[in-house]
Amino acid sequence: MAMTTSQTDTPASAVTLPSHHLLGIEGMDVLTMHRLLDRASYFADNLTNDVEQTLKGQTIVNLFFENSTRTRVSFEVAAKKLGASVLNISVAGSSVKKGETLVDTATTLNAMHPDILVVRHHASGAPQLLAQHIDAAIINAGDGRHEHPTQALLDALTIKRRFGKIEGLRIAICGDITNSRVARSNLYLLGGLGAEVRFVSPSTLLPPAIGDMGVAVYHDMAEGIKDCDIVMMLRLQTERMEGRETPSQHEYFNLFGLDSDKLEAAAPKAMIMHPGPMNRGVEIDSEIADDHERSLIHKQVEMGVAIRMACLEALAVTAAQKRSA
Ligand code: CP
């Protein structure tokens, strides 16, 4: 029987990936997406229980060149729950500050034989570059404006566990699309799983190649979120801006910030998501962000641990299979 986008043919066992790196969602097959979500859902059901120590004896290095709270901590929690040893490299305290290059830093770490490097970097393509130079598996924890694959996977897991499906849902991703690796990864993942994904953004915050991305674009919040099941808000990433993209944060909030009035255009039971960190009063009103009936924001963080458990385990299993082949 042909597989639809909402079916898998296996129980939630450890996943093997097509590659021994996890660099992005683009190009990932639908079956792998489903298997990662199914395995992560098993971990989500057992976050407070003991699970099999499938990463025992493994060393995982968190190499973060950009700030992070959610991603770095949840990778560490995930790795430790599966029995791995975790090292956190602080770039501020490393030889990067003495002028060492990204590749030299990574090959230096590689010489100590870690099993997995979790990499966040401000340059798009940095994890892909490292994957060409080192033996350890690389997992992309967010690279520039390019991709944030585990964020998209945790978003998909949150949605699937809330709605029981992803296929057929209408999902509006709103705000600073140009600078958002989350928007890109979610378009590939949620679109690949059969959701109708829309982008809602001022034209100044859309990438020049938006026409090639195959996504419906709206410049008005009421039109863009109309009848949507999920409204996902994005932070204005001022650290990547040149300063001319929005007239003022106040005006941006009036036009594109989510508040209870604007939310009325969405489906009656629409849920709110945000990858964090949030800027309250800029892209989202506190009343909405803290509405426990409508907001999935804390659930997203919780699902981040489960997804990272599934991804780290998948990389370990894939590397073991590669070694024994
Ligand atoms: N969503 C996300 O990547 O958050 P952090 O920057 O805190 O890791």
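Side-chain atoms are counted along with the backbone in the values below, which use heavy atoms only and exclude waters and symmetry mates. Keep in mind that what you see is a predicted model, and the values were worked out from it rather than measured. Ligands are counted one by one from 1 in listed order, and the atoms in each one are counted from 1 as well.
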| request: May I ask which of Leu154, Thr69, Val301 has a heavy atom nearer to atom 7 (O) of ligand 1 than the others do? | output: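 Considering heavy atoms of Leu154, Thr69, Val301, the nearest to atom 7 (O) of ligand 1 sits in Thr69.
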| Just going by heavy-atom distances, which of Pro275, Ser68, Ser74 is nearest to atom 5 (P) of ligand 1? |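 Looking at heavy atoms only, Ser68 sits closest to atom 5 (P) of ligand 1.
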Contacts under 3.5 angstrom, residues 222-235 side chains, donor-acceptor by atom type, not counting sequence neighbours:
{"residue": "Asp229", "atom": "OD2", "partner": "Arg170", "partner atom": "N", "Å": "2.8"}
{"residue": "Arg235", "atom": "NH1", "partner": "Glu239", "partner atom": "OE1", "Å": "3.2"}
{"residue": "Arg235", "atom": "NH2", "partner": "Glu239", "partner atom": "OE2", "Å": "2.8"}

| task | Answer whether the closest heavy-atom distance between the side chains of His148 and Ile25 falls below 4.5 Å. | result |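 Not touching, per the 4.5 Å side-chain cut-off.
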Is there a donor in the side chain of [X] and an acceptor in the side chain of [Y], or the other way round, less than 3.5 Å apart?
| X | Y | answer |
| --- | --- | --- |
| Arg39 | Ser13 | no |
| Arg145 | Thr178 | no |
| Asn62 | Glu76 | no |
| Asp29 | Thr32 | yes |

| said: Arg72 versus ligand 1: do any nitrogen or oxygen atoms come within less than 3.5 Å of each other? | reply: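 Looking only at distances, the answer is no, because the N/O contact criterion of under 3.5 Å is not met.
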| task | Pull out every atom of ligand 1 sitting under 4.0 Å from any heavy atom of Gln151, numbered as shown with elements. | result |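 So the answer, numbered in order with elements, is 1 (N), 2 (C).
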| Should you measure from each heavy atom of Thr71, which atoms of ligand 1 turn up under 4.0 Å away? |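 Near Thr71, meaning under 4.0 Å from one of its heavy atoms, ligand 1 has 2 (C), 3 (O), 4 (O), 5 (P), 8 (O).
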| request: Assess Gly276 for proximity to ligand 1: is some non-hydrogen atom of it under 4.0 Å away? | output: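 So Gly276 counts as touching ligand 1.
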| query | Is it the side chain, the backbone, both or neither of Glu66 that has a heavy atom closer than 4.0 Å to ligand 1? | reply |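 For Glu66, there is no contact with ligand 1 at all, from either part.
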| Shortest protein contact, atom 6 (O) of ligand 1 (heavy atom only) |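 For atom 6 (O) of ligand 1, the nearest protein heavy atom comes out as Arg120 NH1, 2.9 Å.
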| task | Return the residue, atom name and 0.1 Å-rounded distance of the protein heavy atom closest to atom 4 (O) of ligand 1. | result |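 Going atom by atom, the protein heavy atom closest to atom 4 (O) of ligand 1 ends up being Arg70 NE, 3.1 Å.
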